[in-house]
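For reference, the structure is listed below as structure tokens.
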Amino acid sequence: MKVMIIEDDMLVRMGIKSLIPWSEMGLEVVCEARDGVEAVELYERFLPDIALVDILLPRMNGLDFIEKVKPLNPDGEFVILTCNQDFETVRKSLRLGVHDFIVKSTMEIEELQLILKQLTAKMKAKLLEHHFQEEGTPEAGSRFVRKASLLRDWLHGLYNSEETEAFAEKLGEYKYFLQKGEYEAWVVALDPSQDESKLTSQEIVKIGHSIDHMAVELYRSRLIGFVENINDNRWHVLVSSTNSSDIDPKLLIDSVSQYLGHALSIAVSKRFTDWREWTVYDRRFASDLLSLKYFCENDHLFQGELPEATLSDAVFIWKKAIMNKLSSFQYEQAGDLLANLKQVVGPPYPKPNLLQNVLEDILFQLKQICEMSGRRPSETYFQRSELLDCVSLTQAVHLLYNAIHVLQEPAFKEKNGHERKKFVEATEMFIQEHRFDEISLNAIAMHLKVSPVYLSRIYKEEKGISFSTAVLTAKVEQAETMIRSGMTLTEVSDKLGYLNLSSFTRMFKKIKGIAPSHYADAEKN
């Protein structure tokens, strides 16, 4: 049986729709209205079996609405939603044949559910009496349900060729929404949340119904179709876009966030004038646009240019560079390249699957390196399925970075132990040979063709002191030799490349614990 809700308070409508188990009771909310005039128009179109009517409506009050539409559907039933039951309201309601009253300020949802059950039973009995349907079965499929079913079949390809006679016959009932004009295909997706457990299919269905109802509330006659795709947490929408100001997708995004607490992303296709092209624009435009969420995870509305069908030369250059770094076990530099991937990729962005193929190749090389070092790559970071499950480029980069991190310690301590010592010895020799010069870690690292971060870390691990401390120590040792040879402190400071005597004094005192002048006096004595 068809139910209509007429209430100007959006929260009240949403509460009634979400808390009543309509399908279990054999009921379907087919439409809703915000004021009396709109209610008359929708009632004429849908002819609901039951109407829940607020008394104090804009433009036309609830009792006047009932009086106007009652002749259209003599068997229709009405339940009044009111703030108080004054005598005049009760008297006129009884005259109009209203089934019952609900006082909104004290309403319990169980009370409304009981009234609906009683009313449903009453109407079934009445239908039985008139032989309109068999006992115990709900009314044959409503107009709303048939329309939703048709749109679902259409989108899923059942009518994707030329308009057949069967399709034309089914469409005949709904020609009113397929007028000449412009249309848009939307793909609406529920954003994944890392803070919440995975939603069940039943929860997704409930959320989808709430989003559908909210879209009806926001866009009214502009909303033509709303088809669920539960497996992908998506919904496919067809809207009439004659006037873009009243179909702003941001309204739905903001409303769902505010009232339902869920984040949505919406991709909007280019406009098209032939409604038969909905399937094409849904799959080739809106769905492809939504794939850009992989790169722009903080964005929620996607319009404009489609993702590129090829990768840029910059991506291939980047791939070659990171592969070379991994092959030579330069993990720090590989990590630096990985962190720069977003800037390399775009915009304009490619189709995500193209970049995912590149990332799979890198993951495969990391896995091979792991196996070559004698380790079994059992960590989740090395699993292809984990990479493919990443819903954003940020997640994919994080996974690969963790895989590199897993390889670093074993590679440094086992496979590259000899190479580590060679780098440290070369650094030590460079320091000793350049005591009179300004010594830069970056210069040494460039000379050795390794990462400065890597060189600094392995030097401290091997020598037990930092690189900067080692440089200061070498200079102090040279200063001691020069002081003992009779050179003045000013001469020593100049020879060692310090800007002034004060800088030299601070350096010397930091290493030896005494000022160079005290050290010189002690040497003289």
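Just so you know, these numbers use all the heavy atoms, side chains as well, and skip hydrogens, waters and symmetry mates.
- Here Glu297 pairs with Lys342 in a salt bridge; the nearest charged N to carboxylate O distance falls below 4.0 Å.
- No donor-acceptor pair under 3.5 Å is formed between the side chain of Trp278 and the backbone N or O of Ala185.
- At distances below 3.5 Å, at least one donor-acceptor pair connects side-chain atoms of Lys293 with backbone N or O atoms of Asp299.
- The environment of Tyr401 atom OH is sparse: at most 12 non-hydrogen atoms of other residues, nucleotides or ligands sit within 6.0 angstrom.
- Between the side chain of Asn324 and the main chain of Lys320, a donor-acceptor pair closer than 3.5 Å is present.
- Side-chain atoms of Lys475 come within 3.5 Å of backbone N or O of Asp437 as a donor-acceptor pair.
- Residue Asp313 places its CG atom among 12 or fewer non-hydrogen atoms of other residues, nucleotides or ligands, all under 6.0 Å distant.
- Within a 6.0 Å radius of CZ in Arg284, no more than 12 heavy atoms belonging to other residues, nucleotides or ligands are found.
- A donor-acceptor pair is defined here as one N or O able to donate and one able to accept, closer than 3.5 Å; such a pair exists between the side chain of Asp9 and the backbone of Leu11.
- Side chain to side chain, Asp288 and Ser291 fail the donor-acceptor criterion of an N or O pair below 3.5 Å.
- Heavy atoms of other residues, nucleotides or ligands lying less than 6.0 angstrom from CD of Glu24 number 12 at most.
- No donor-acceptor distance shorter than 3.5 angstrom exists from the side chain of Ser493 to the backbone of Thr490, with no hydrogens or angles considered.
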Practice item. Show your working on side-chain contact (heavy atoms from CB on, under 4.5 Å) between Glu360 and Asn357 and close with a plain yes or no. Key: CA-CA 5 Å; Glu360 281 188 61; Asn357 292 336; 3.8 Å; yes

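- With Trp235 contributing its side chain and Phe226 its backbone, the two residues share no donor-acceptor pair below 3.5 Å.
- A donor-acceptor pair under 3.5 Å is absent between the side-chain atoms of Asn340 and the main chain of Asp336, judged by distance alone.
- Side chains of Glu428 and Tyr459: a donor on one and an acceptor on the other come within 3.5 Å.
- Checking side-chain atoms of Ser257 against main-chain N and O of Ala263 turns up no donor-acceptor pair under 3.5 Å.
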